[in-house]
Amino acid sequence: MSTDLLSVDRDRCMGSGQCTFYAPSTFDLDEDSIAIVIDDHGDGDDKIQMAIDVCPTRAIARAAATPERGQAQ
């Protein structure tokens, strides 16, 4: 399992829901139909990578977590 953290660029996301289809335990859509991360490790790395790859606006980013804070660099 990856220790990477995920983020969604809310300005780029168009709410297609592809991420929620491929990684439903990692992503959801909020009340504005914009993708949000609900659990950075909710699905396997292969499913999360597929969700990143199929995002039509490339709004999902993956960044390495820093060991001391657990935050993306």
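For the residue pair Ala59 and Cys55, the shortest heavy atom distance occurs at N-SG, 3.2 Å.
Phe27 is listed as a side-chain neighbour of Leu6, based on a closest heavy-atom distance under 4.5 Å.
Residues Ile48 and Val37 share a single hydrophobic cluster, defined by chaining ILVMFWY side chains whose heavy atoms lie under 4.5 Å apart.
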Only pairs under 3.5 Å count here: list side-chain donor-acceptor contacts from residues 13-26, not counting sequence neighbours, and write none if there are none.
from: Ser16; atom 1: OG; to: Gln18; atom 2: N; distance (Å): 3.4
from: Thr20; atom 1: OG1; to: Gly17; atom 2: O; distance (Å): 2.7
from: Thr26; atom 1: OG1; to: Asp43; atom 2: N; distance (Å): 3.0
from: Thr26; atom 1: OG1; to: Asp43; atom 2: OD2; distance (Å): 2.8

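For the side-chain contact (heavy atoms from CB on, under 4.5 Å) test, no residue two or more places apart in sequence or in another chain qualifies with Asp46.
For residues 6-29, the pairs satisfying salt bridge (charged side-chain N to carboxylate O under 4.0 Å, His left out) are Arg10-Asp30, Arg10-Asp32, with sequence neighbours left out. Within the structure, salt bridge (charged side-chain N to carboxylate O under 4.0 Å, His left out) pairs that include any residue of residues 47-59 do not occur (at least two apart or interchain).
We find the CG-CG distance between Asp4 and Asp45 to be 7.5 Å, quoted to the nearest 0.5 Å. Here Ile52 contributes atom CD1 and Ile60 contributes atom CD1; the two are 6.0 Å apart, rounded to the nearest 0.5 Å.
Taking Ile, Leu, Val, Met, Phe, Trp and Tyr as hydrophobic and joining them when side-chain heavy atoms fall under 4.5 Å apart, one finds Ile36 in a cluster with Ile38.
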